[in-house]
Asker: 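Can you keep this structure in mind? I'll have questions shortly.
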Amino acid sequence: MNPLHRVAERAGQRWQRLSEAERQRVPLIAGALALASLTALHAFVSQPARLKARGDLTRLELRSRDAAKQAPVLPPARLSGKSPAALAREAAGLRGELGRQQAHLAEIEPSFAPLDTLEPGRELVAAITALAESADLNLTRLELQGLKREEQGQPPSAERMRQLALAAPYQRPTMRFEAQASFRGLMQFLDGLRTLPYTVAPVWLSLEVRAAPAGSAAAPALPWLEVKMDLTL
């Protein structure tokens, strides 16, 4: 007899000897064994790939941390591409120029009207007004810049003058001068500023040529200049 037939005959005899309850449990046991086999096969195939991926991720995280700790330190940028020696020479030159300008300021400072009293300022305003009249200028405005509207028309105190000087671009009080003038009269006025008791420096000038409308009999025959000027006292 074929050995396979004998094995099958013995298996059949064993199956006949099993009770009904045992026969019902056999398919369940077989299914459980099959599921366990498939699970073992899946783990055998997929677990190495998972372990490799996890190892790669761990190595990548460690490498990133090491790279952050060992980031290269860039050397400090060189200012304007100049060497420290060149920058030192340039700084020394600027300090020398500053010293010369401070010395020049100390020389010309006494020529400006003092700000601790009001009398020099009043004297200077009167001299400017007289100079404009002598040059045949029609003076229309002479006001201290920086005063509030309610302060206009009132003589400022010495403390207020110092405040205006500190707020001005040239650290000196500034007056707005406006007048109608001929070209010759304007030149005469500018030349006459040198004769005033204290220094008065024009720091801004605007000129506009005006002419009388055609057919106006009362208007002057020659055009004139509308002058606007800022004078630093």
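Just so it is clear, the structure is predicted and the values come from calculations on it, not from any experiment.
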Asker: List the steps and the verdict of side chain to side chain contact (heavy atoms under 4.5 Å, CB included) for Q171 and L166.
Answerer: CA-CA 5 Å; Q171 304 292 293; L166 291 175; 3.7 Å; yes

Asker: Counting only heavy atoms not in R194, do more than 12 sit closer than 6.0 Å to its CZ atom?
Answerer: no

Asker: So L186 and M229, side chain to side chain contact (heavy atoms under 4.5 Å, CB included) or not? Walk me through it.
Answerer: CA-CA 11 Å; L186 177 60; M229 195 180 332; 4.2 Å; yes

Asker: CZ of R176 to CD of E143: how many Å apart, nearest 0.5 Å?
Answerer: 9.5 Å

Asker: Just wondering, do L98 and R95 contact through their side chains at under 4.5 Å, heavy atoms?
Answerer: no

Asker: Of all heavy-atom pairs between L118 and A158, which one has the smallest distance, and what is that distance?
Answerer: CD2-N, 3.5 Å

Asker: Hey, which of T174, I128, T199 is the one that makes side chain to side chain contact (heavy atoms under 4.5 Å, CB included) with L233?
Answerer: I128

Asker: Does any part of the side chain of M161, heavy atoms only, come nearer than 4.5 Å to the side chain of D116, both counted from C-beta?
Answerer: no

Asker: Could you measure the distance from the CD atom of Q188 to the CG atom of L193? Nearest 0.5 Å is fine.
Answerer: 11.0 Å

Asker: To check you understand the geometry: which heavy-atom pair defines the closest contact between G192 and L131, and what is its length?
Answerer: C-CD2, 3.5 Å

Asker: Say whether L137 and M187 are linked into one hydrophobic cluster, either directly or through other cluster members, by side-chain heavy-atom distances under 4.5 angstrom.
Answerer: yes

Asker: To the nearest 0.5 Å, what is the distance between CG (D230) and OG (S206)?
Answerer: 10.0 Å

Asker: Would you say L147 and R160 make side-chain contact, with heavy atoms under 4.5 Å?
Answerer: yes

Asker: Under a 4.5 Å cut-off applied to non-hydrogen side-chain atoms, are V203 and L231 in contact?
Answerer: no

Asker: About how many Å separate OG of S182 and CH2 of W224, when rounded to the nearest 0.5 Å?
Answerer: 12.5 Å

Asker: State the CD-CG distance between E159 and L115, to the nearest 0.5 angstrom.
Answerer: 10.5 Å

Asker: Against F177, only a single residue in T140, L139, L205, T129 fulfils side chain to side chain contact (heavy atoms under 4.5 Å, CB included); can you say which?
Answerer: L139

Asker: Could you tell me whether the side chain of Q180 reaches within less than 4.5 Å of the side chain of V227, counting heavy atoms only?
Answerer: no

Asker: Decide side chain to side chain contact (heavy atoms under 4.5 Å, CB included) for V209 and L225; before the verdict, give the C-alpha distance in whole Å, the side-chain angles of both, and the deciding distance to 0.1 Å.
Answerer: CA-CA 5 Å; V209 179; L225 297 175; 3.7 Å; yes

Asker: Can a salt bridge be assigned to the pair K228 and E226 using a cut-off of 4.0 Å between side-chain N and carboxylate O?
Answerer: no

Asker: Answer with yes or no whether the hydrophobic clustering places F112 together with M175; edges join I, L, V, M, F, W, Y residues whose side-chain heavy atoms lie under 4.5 Å apart.
Answerer: no

Asker: Might you confirm whether atom CG of D136 has over 12 heavy atoms from other residues, nucleotides or ligands at distances under 6.0 Å?
Answerer: no

Asker: Answer with yes or no whether the hydrophobic clustering places W204 together with L207; edges join I, L, V, M, F, W, Y residues whose side-chain heavy atoms lie under 4.5 Å apart.
Answerer: no

